[in-house]
Amino acid sequence: MKTYRLDEVTKRALEGPFMDEKDFDMKLMKRTKELVKEYDIRYDPKQPVCTDDSVADDVYEAAMRLLLEMGFYCQTTKRTIMFEEGEIKMVLRSLPESILLGSGKDAIVMNMRRVEDPRPPVIHAGPTGTLCTEGEIYVKTLRSFAQEEVIDSLGAGTLATIDGFKIRKGTPQEFRAARLLARWAREAISQAGRPGMHINDVAVVSPEAKLCALDPAYGLRPSDGIIVSQMIELKTSLQHLSLVEHLQSYGIHIGNLMTPILGGYAGGPEGTAIVNVAEHIAGAVCYSASYHYCSLTNVKNLNGTDRPGLWAISMVGQALSRNSEIMSVYDCYCASGPGEEMLLLEAAAGGVAASVAGMNVMGCGSCGGKLVDHSTGLEARMLKEAAAAAAGMSRADANEILNKLLPRYEERLDIFKAPKGKTFQDLYDLASARPKAEWQDLYDKVARELSDLGLEIA
Amino acid sequence: MSEAQLFEELANAVYAGDDAKAVELSKKILEAGIEPLKAINEGLMKGMSRVGDDFSQLKIYLPEVMLAAEAMKSALAVLEPEALKRGKATVKSKVVIATITGDIHDIGKNIVAMLMRANGFEVYDLGRDVPIDELIKKAEEVKADFICASTLLSTSMPYMEDLISLLKERGIREKYLVMVGGGPVTREWAASIGADGYGDDGDEAVKVAKELLQRRGAP
């Protein structure tokens, strides 16, 4: 892309219809409710993954209508970026079916997957949204992901401090953190023997700070990625569009991060699915994103692994897989923590639901991102293995498995009651960044149990 | 319809987010000569309390809460002036709330503000990415009881510490009850920076605010 398109988007952000943000939220809320009713879209808790193709198509159609009617809200100008249907369709027709991530021997191909696709999903894995200790511990944490052979791309964690300074948005320390996060990610993949592995972000907040990570020698390269966020729901800003401008010129992949709130403005799982599909389309058009992170978050429990959450994300995946080339990545956000059987079960359930819905996966977030260093490579391995084992499975079979898995943890999903587990330092040998026996043994036990359910986990 | 039945109907209308019904019942209550303050407490508040309880268990979602809050606001517009005329209106505790510096995520803060308002607090919502001195300035201006700060970002949490430090520096820390919350904020961390209160969610934030007021012996 597509400087021309970004100019047009900016023009509309500056000249589109003015609307107070609260009015936009209220309009979105009411219109989404109406669309859910009009299309008669109903969440069925007995089917964590909806098996009716027509519902997925209805969700896609409703989402397109919602986006055309609401537009994409620019918080900076308080104006809505409006589109014509033909313009959107032209962009969607131009999307590739596969993309190359990373470089050299470590490059991987990420495909647009379809519903019940036999091809295993790609996993972007790292301490997603989790606070991490800076320096060597951070490198080792990332290495624990990078040296899992099944993991395809490395994600980023969030630092609380840099050189002992508490990191605040828009400060010199945030800019330094961006630079060092990129260097440490490079070091981690190098230590793991995968120097060309795709790195998908540096987790700093300011769009301008993210630019500090772009550095072909020591930081992020054009074969890597940077996440550009949307604000909740269906919103952007000129700062984020400006970040897109530079990322495009650098040639790096853009990840469109959405955090639809289940229970928020979009309402329940049905409305959340519609709004999130609209957010995917907006990200494809305005951000020219290579891939899209569906980081659905429950308004209370801060996770995306409960029954309505899995229904919503798998509906999003199916709607997009059946109707577009928009690559959606389920960002698996869990309530429990590492060292706990529950985290492995949450990851497995998320992997199964996303995989049969035609998504790729990312993860795992844990403990609602509240606890420092509660992230390890092993739960990400479970996410990938479960997703790969479910590749090619029918949605009906996936539901059988999910209906056995969910009762094992759903009563404990309350973020404040879910078992928090232990830190990376407690669960891993720090010299080798390999899991200690207690965590590995638990993984093996859960893997055997899942195999008995029909999921062949390595 | 008996007084109790009217209050029950009013609570139901608020719960259902039925603006028109809530207003109609409020007018009926006044026409029947029923004490408006009693209707506010035993009708509107009761309905909103059910909304809060059900939202905290996710039996309903934010759109239903917002519609209920709207219905309550419409009914209050009928009942409150009459209560004031009769000199029976309670003094509302005042809350200044914002998403703090560096953060533009405001859905959590909006939920807390809405639930506090629905529970009888007078809420001044300053929006998002609000500098701490603006929070304090507004609190001083309106003689607030509470300063509430929210964030979803760990990089904005230090500003919550700064808020408490600045209140201390200015010698006005004891004037305010400070509450903090949001995604990465924990109960333990809130206590460690010397905040007075913390809520896991909007419902708890309201409960904690009420407890803090009781402890303080405020209105």
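The chains referred to below are lettered A, B, ... by the order of the sequence lines, with proteins before strands, and numbering in each begins at 1.
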**Student:** Between chain A and chain B, which N or O donor and acceptor atoms come closer than 3.5 Å?
**Tutor:**
{"from": "A:E21", "atom 1": "OE1", "to": "B:R128", "atom 2": "NH1", "distance (Å)": "3.0"}
{"from": "A:E21", "atom 1": "OE1", "to": "B:R128", "atom 2": "NH2", "distance (Å)": "2.5"}
{"from": "A:E21", "atom 1": "OE2", "to": "B:R128", "atom 2": "NH1", "distance (Å)": "2.8"}
{"from": "A:K33", "atom 1": "NZ", "to": "B:E64", "atom 2": "OE2", "distance (Å)": "2.8"}
{"from": "A:K166", "atom 1": "NZ", "to": "B:E161", "atom 2": "OE1", "distance (Å)": "2.9"}
{"from": "A:K166", "atom 1": "NZ", "to": "B:E161", "atom 2": "OE2", "distance (Å)": "2.8"}
{"from": "A:R168", "atom 1": "NH1", "to": "B:D162", "atom 2": "OD2", "distance (Å)": "2.3"}
{"from": "A:R168", "atom 1": "NH2", "to": "B:D162", "atom 2": "OD1", "distance (Å)": "3.4"}
{"from": "A:K169", "atom 1": "NZ", "to": "B:G102", "atom 2": "O", "distance (Å)": "3.3"}
{"from": "A:G263", "atom 1": "O", "to": "B:L62", "atom 2": "N", "distance (Å)": "2.8"}
{"from": "A:Y265", "atom 1": "OH", "to": "B:N110", "atom 2": "ND2", "distance (Å)": "2.9"}
{"from": "A:K300", "atom 1": "NZ", "to": "B:D201", "atom 2": "OD2", "distance (Å)": "2.8"}
{"from": "A:K370", "atom 1": "NZ", "to": "B:G182", "atom 2": "O", "distance (Å)": "3.4"}
{"from": "A:K370", "atom 1": "NZ", "to": "B:G183", "atom 2": "O", "distance (Å)": "2.6"}
{"from": "A:K370", "atom 1": "NZ", "to": "B:V185", "atom 2": "O", "distance (Å)": "2.6"}

**Student:** Against chain A, label B:I60 side chain, backbone, both or neither, depending on which of its atoms sit under 4.5 Å from a heavy atom there.
**Tutor:**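 Interface part for B:I60: neither.
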**Student:** If you compare all heavy atoms of A:L406 against all heavy atoms of A:P48, which two are closest, and at what distance to 0.1 Å?
**Tutor:**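 Smallest interatomic distance, heavy atoms only, reads CD1-CG, 3.8 Å.
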**Student:** Listed by chain and number, what are the side-chain contact (heavy atoms from CB on, under 4.5 Å) partners of B:A195, not counting sequence neighbours?
**Tutor:**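 B:I164, B:V180, B:A190, B:I193.
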**Student:** Quick one: list whatever passes side-chain contact (heavy atoms from CB on, under 4.5 Å) with B:A69, sequence neighbours left out.
**Tutor:**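 For B:A69 the side-chain contact (heavy atoms from CB on, under 4.5 Å) partners, ignoring immediate neighbours, are B:M48, B:M114.
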**Student:** What part of B:V65 lies closer than 4.5 angstrom to a heavy atom of chain A: side chain, backbone, both or neither?
**Tutor:**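 Contact with chain A involves no heavy atom of B:V65 at all.
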**Student:** For atom CZ of A:F165, decide whether the heavy atoms of other residues, nucleotides or ligands shown that lie under 6.0 angstrom number more than 12.
**Tutor:**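 Atom CZ in A:F165 is not packed in, count stays at 12 or less.
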**Student:** Run the ring-ring contact (aromatic ring centres under 6.0 Å, His included) test against B:F7 and tell me which residues pass, sequence neighbours left out.
**Tutor:**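 With sequence neighbours excluded, B:F7 shows a ring-ring contact (aromatic ring centres under 6.0 Å, His included) to no residue whatsoever.
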**Student:** Taking it one step at a time, do A:F72 and A:L234 satisfy side-chain contact (heavy atoms from CB on, under 4.5 Å)?
**Tutor:** CA-CA 6 Å; A:F72 193 28; A:L234 208 55; 4.3 Å; yes
**Student:** What closest approach, in Å, do B:L44 and B:A75 show between heavy atoms, and which atom pair accounts for it?
**Tutor:**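 Here B:L44 and B:A75 meet closest at CD2-CB, 3.5 Å.
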**Student:** What's the verdict on side-chain contact (heavy atoms from CB on, under 4.5 Å) for B:V112 and B:M179, showing C-alpha distance, side-chain angles and the deciding distance?
**Tutor:** CA-CA 11 Å; B:V112 173; B:M179 290 180 63; over 6 Å; no
**Student:** What part of A:I167 lies closer than 4.5 angstrom to a heavy atom of chain B: side chain, backbone, both or neither?
**Tutor:**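 Backbone plus side chain of A:I167, per the 4.5 Å heavy-atom cut-off to chain B.
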**Student:** Identify which of A:L159, A:V204, A:I232, A:V299 forms the greatest number of heavy-atom pairs closer than 4.5 Å to chain B.
**Tutor:**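 Most pairs with chain B among the choices: A:V299.
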